[in-house]
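Reviewing the structure listed below.
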Amino acid sequence: MKYGKSMTLAALAATTALTLTACGGNDDGGGGESSGGDGESVRIGIKYDQPGLGFKDGEEYTGFDVDVAKYVAKELGYSEDQIEWVESPSANRENMLSNDQVDMIFATYSITDKRKESVAFAGPYFVAGQDLLVSQDNTDIKGPEDLEGKNLCSVTGSTSAQKIKDQYAGTVNLVEQGGYADCVTILGSGGVDAVTTDDIILAGLAATDANSGKFKVVGNPFTEEKYGVGLPKDSDKCQAINDAITKMVEDGAWEEAVTKNTEGADYKYNEDLNPPTPDACA
Ligand code: GLU
């Protein structure tokens, strides 16, 4: 994985993309979703600020989510140049699917019953676990129970923030941001004591050149986050996507993508939970 960008630039890029989105949406030419392979584009929502998962560096899009998305798109009949990448921050995902701004989302997007009320999911294609990121020299935070009276950063609209609100409300002071890179910047300046989200996201952020040596993932995951492919509720693509994910695991491309995208990060996926078998489509 290349971690060449400083987080300041990444954060700036994310902010710019958000501003553009707010000013009139993506530049989809109105083509929308096609049934695949007939010259139309497919709009895929990813994160732009999560190194190793979904990351935009100039016109280059990298990360495990991006690689799974490319593989699945190809199986659905789309070439890489038919993919239109769209930034999908945590808080916007359900709305972007419901409002026809994207055709599918690969963005560290946990499958939950609450989200299933408004969107559909294929997958899962990966299982992560919620963890904590702290300063390298921190010795007193080993799990969520050590956060009493502490300032903790997470992201609006994430299961990570929701878990803290549901189980640790009143003890922890939760600071919410639009993206995890913003949280890590605040952690670096001492504004919060820890950042919480999925272990693989934290490991990717900690391994960037700009953050190298500054932070550590606690390594005590306390949830199971099953990453699904977000789809509009009426989508008929679930089974084809599940078949593509199964094929990706079977032909070794899944393992290759995880290895490539976590290289240089201090991260090993949970082998008891990965690679997962996709759930039956509703
Ligand atoms: N996987 C969690 C979620 O879907 C946290 C990561 C994220 O915000 O994308 O909310």
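Model, not experiment: these values are computed from the prediction. When a ligand or atom number is given, it counts from 1 through the structure's own listing order. Numbers here simply count residues along the sequence, with the first being 1.
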Subset of ligand 1 atoms that lie under 4.0 Å from at least one heavy atom of [X]:
X: Ala107; result: 9 (O)
X: Ser90; result: 7 (C), 8 (O), 9 (O)
X: Tyr227; result: 1 (N)
X: Tyr109; result: 4 (O)
X: Thr197; result: 5 (C), 6 (C)
X: Ser158; result: 8 (O), 10 (O)
X: Ile201; result: 6 (C)
X: Ser160; result: 5 (C)

Applying a heavy-atom cut-off of 4.0 Å, say which part of [X] lies close to ligand 1: side chain, backbone, both or neither.
X: Gln162; value: neither
X: Arg93; value: side chain
X: Thr159; value: both
X: Thr108; value: both
X: Ala128; value: neither

Looking at [Y] and [X], is any side-chain nitrogen of the basic one under 4.0 Å from a carboxylate oxygen of the acidic one?
X: Glu94; Y: Lys114; result: no
X: Lys56; Y: Glu59; result: yes
X: Glu87; Y: Lys47; result: no

Q. Which heavy atom of Ala73 sits nearest a heavy atom of Ile44, and at what distance?
A.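 Of all heavy-atom pairs spanning Ala73 and Ile44, the closest is CB-CD1, 4.2 Å.
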
Q) At what distance is the nearest protein heavy atom to atom 7 (C) of ligand 1, and which residue and atom is it? A)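 Result for atom 7 (C) of ligand 1: Tyr180 OH, 3.2 Å.
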
Q) Do Ile164 and Val175 sit in the same hydrophobic cluster, where Ile, Leu, Val, Met, Phe, Trp and Tyr count as joined when their side-chain heavy atoms come under 4.5 Å apart? A)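 No, no single cluster joins them.
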
Q: Just jot down the salt bridge (charged side-chain N to carboxylate O under 4.0 Å, His left out) partners of Lys216, sequence neighbours excluded, or say none.
A: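 Salt bridge (charged side-chain N to carboxylate O under 4.0 Å, His left out) list for Lys216, sorted by chain: empty.
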
Q.
Less than 6.0 angstrom separating the ring centers of Tyr48 and Tyr61, yes or no?
A.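 Between Tyr61 and Tyr48, which both carry aromatic rings, the centre distance is below 6.0 Å.
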
Q. What about the rings of Trp254 and Tyr269, do their centers lie closer together than 6.0 Å?
A.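 Distance test on ring centres: under 6.0 Å, yes.
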
For residues 119-133, which side-chain N or O atoms pair as donor and acceptor with protein atoms under 3.5 Å away, sequence neighbours left out?
from   : atom 1 : to     : atom 2 : distance (Å)
Tyr125 : OH     : Asp65  : OD1    : 2.6
Gln130 : NE2    : Ser160 : O      : 3.1
Gln130 : NE2    : Thr196 : OG1    : 2.9
Asp131 : OD1    : Gly219 : N      : 3.3
Asp131 : OD1    : Asn220 : N      : 3.4
Asp131 : OD2    : Gly219 : N      : 3.1
Asp131 : OD2    : Asn220 : N      : 2.9

Q. Do the side-chain N and O atoms of Glu148 and Thr171 include a donor-acceptor pair separated by under 3.5 angstrom?
A.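 Their side chains do not contain a donor-acceptor pair, so the 3.5 Å distance test is not met.
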
Q: Compute whether any side-chain donor of one residue and acceptor of the other, for Thr208 and Asn211, lie under 3.5 angstrom apart.
A: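 Yes, a side-chain donor-acceptor pair sits under 3.5 Å.
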
Q. Does Ser110 reach ligand 1 with a nitrogen or oxygen that is under 3.5 Å from one of the ligand's nitrogen or oxygen atoms?
A.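 Looking only at distances, the answer is yes, because the N/O contact criterion of under 3.5 Å is met.
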
Is it true that [X] lies under 4.0 Å from ligand 1, counting heavy atoms only?
X: Val155; result: no
X: Lys47; result: yes
X: Arg115; result: yes

